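To start, the structure under review is shown below, and the notes come after it.
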Amino acid sequence: PFCQRVLLTIEEKHLPYDMKLVDLGNKPEWFLKISPEGKVPVIKLDEKWLPDSDVITQSLEEKYPDPPLRTPPEKASVGSKIFSMFIGFLKSKDPSDGSEQALLNELNSFNDYIKENGPFIIGGKVSAADLSLGPKFYHLEIALGHYKNWSVPDSLPHVKSYMK
C-alpha cells in the first residue's frame, strides 16, 4: 500500500515518472545501492534518493504544490484505525474475539463520516489522506475476500462508493 500511495500521489500531480519494479525476494544490487535497507518505495528527487512514503509524499507536495493534496490536520486521522482493525481481523483465528466487530465499527464510523462530508475525506476533492487510505481498502478487500470470504457489507454504501 505504501508504494501505491506514492504512485497515486505522482499520478494525481500529473508528474512524469519511470517506475522500476523490484523483486523483494531477490533484490538486485543496483536497488540495494540506492536503498541499503532494501525497503520500498524510494524515489529520486532533485538528484537525491528518498526512502519512506511519508517523506516522499511530503517532499512531492512541497516541490509540486499544484494540485494541492494536503489534508487539514483536523481531518488527517479520519479512517486511520481501519487498517489496523483489518489486520487484526485478518490475523484472527477466533471468530468470537471481536476483531470483525471492531473492523465493522470503524467502517460504520467511516461510512457516517463520508455520508456527511464526502465523497472524499476533505469533501469534493482527493487529498493525501485518501491516497493513503485507498490502497489500504484495496488490500482489505482482496485479503479478507480471499482468506475470510468476507466483504464490506451492503449496509455501508458510502464506504463501498468510496472504495470504487
Side-chain angles (χ1 to χ4, degrees), residues 1-17 19 21-22 24 35 37 39-43 45 50-92 97-164:
F2 309 107
C3 292
Q4 291 169 329
R5 174 179 160 204
V6 170
L7 184 59
L8 288 170
T9 301
I10 291 169
E11 286 285 335
E12 277 298 313
K13 291 189 169 287
H14 306 287
L15 301 173
Y17 61 92
M19 183 168 44
L21 299 176
V22 176
L24 295 177
S35 180
E37 294 180 9
K39 293 183 179 179
V40 292
V42 291
I43 189 171
L45 193 60
L50 298 177
D52 187 89
S53 58
D54 287 333
V55 172
I56 293 169
T57 55
Q58 183 177 352
S59 297
L60 289 171
E61 185 67 25
E62 289 167 4
K63 183 169 176 67
Y64 304 101
D66 290 317
L69 297 176
R70 289 201 192 278
T71 305
E74 67 275 10
K75 297 190 180 218
S77 66
V78 172
S80 64
K81 294 180 183 175
I82 292 171
F83 192 67
S84 62
M85 297 299 154
F86 146 59
I87 295 299
F89 178 43
L90 181 64
K91 290 180 175 181
S92 169
D97 68 1
S99 60
E100 179 180 10
Q101 189 58 52
L103 173 60
L104 285 169
N105 291 347
E106 288 303 317
L107 292 175
N108 272 301
S109 294
F110 187 73
N111 190 74
D112 293 346
Y113 177 87
I114 291 297
K115 179 181 178 182
E116 295 297 319
N117 301 284
F120 301 106
I121 289 175
I122 65 168
K125 64 182 188 132
V126 170
S127 72
D130 300 298
L131 301 182
S132 178
L133 190 56
K136 293 171 183 170
F137 266 120
Y138 175 75
H139 287 269
L140 176 151
E141 183 176 44
I142 300 299
L144 291 180
H146 180 78
Y147 292 107
K148 301 269 189 180
N149 194 28
W150 190 93
S151 61
V152 172
D154 290 339
S155 61
L156 301 173
H158 302 284
V159 170
K160 291 184 101 130
S161 176
Y162 180 85
M163 289 171 68
K164 286 181 185 171

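Bear in mind the structure is a predicted one, so any value in this text is a computation, not a measurement.
- The two residues V6 and P41 come nearest to each other via the heavy atoms CG2-CG, 3.7 Å.
- For residues 8-17, the set of pairs meeting the side-chain hydrogen bond (donor to acceptor under 3.5 Å, both in side chains) definition, not counting sequence neighbours, comprises E11-Y17, K13-E61.
- With hydrogens and angles disregarded, a donor-acceptor distance shorter than 3.5 Å links the side chain of S59 to the backbone of V55.
- The distance from atom CD of E100 to atom CE of M85, rounded to the nearest 0.5 Å, is 13.5 Å.
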**Message:** Applying side chain to side chain contact (heavy atoms under 4.5 Å, CB included) to Y162 and L133, what does each step give before you reach the verdict?
**Reply:** CA-CA 10 Å; Y162 180 85; L133 190 56; 4.0 Å; yes

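- Interatomic distance, K148 NZ to F86 CZ, rounded to the nearest 0.5 Å: 10.5 Å.
- Looking at residues two or more places apart in sequence or on another chain, you find a side-chain contact (heavy atoms from CB on, under 4.5 Å) between N105 and Q101.
- A search for side-chain contact (heavy atoms from CB on, under 4.5 Å) contacts involving V42 returns F31, I34, S35, W49, P51, not counting sequence neighbours.
- Contact annotation: the side chain of L103 approaches that of L144 to within less than 4.5 Å [non-hydrogen atoms, C-beta and beyond].
- Although no hydrogens or angles enter the test, the distance criterion places no donor-acceptor pair under 3.5 Å between the side chain of Y147 and the main chain of L90.
- More than 12 heavy atoms of other residues, nucleotides or ligands sit less than 6.0 Å from atom CD of E74.
- Rounding to the nearest 0.5 Å places NZ of K136 at 11.0 Å from CD of Q4.
- Under the 30°/60° scheme for interplanar angles, the aromatic rings of F110 and F137 are found to be tilted.
- For K81, the NZ atom counts as loosely surrounded, since its 6.0 Å shell holds 12 or fewer non-hydrogen atoms of other residues, nucleotides or ligands.
- P153 places a side-chain heavy atom less than 4.5 Å from the side chain of L104.
- In the model, R5 has a side-chain atom that pairs as donor or acceptor with a side-chain atom of T57 under 3.5 Å.
- S80 contributes a side-chain N or O that, together with a main-chain N or O of S77, makes up a donor-acceptor pair within less than 3.5 Å.
- In this structure, T71 and A128 approach most closely via the heavy-atom pair OG1-N, 3.5 Å.
- In terms of modelled atom types and a separation under 3.5 Å, the side chain of N111 and the main chain of V159 share a donor-acceptor contact.
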**Message:** side chain to side chain contact (heavy atoms under 4.5 Å, CB included), that's the test. Do I10 and I43 meet it? Break it down for me.
**Reply:** CA-CA 11 Å; I10 291 169; I43 189 171; 3.8 Å; yes

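- No hydrogens or angles considered: a donor-acceptor pair under 3.5 Å links the side chains of S127 and D130.
- Inter-residue side-chain proximity for V152 and E141 is flagged as unmet; no heavy-atom pair is nearer than 4.5 Å.
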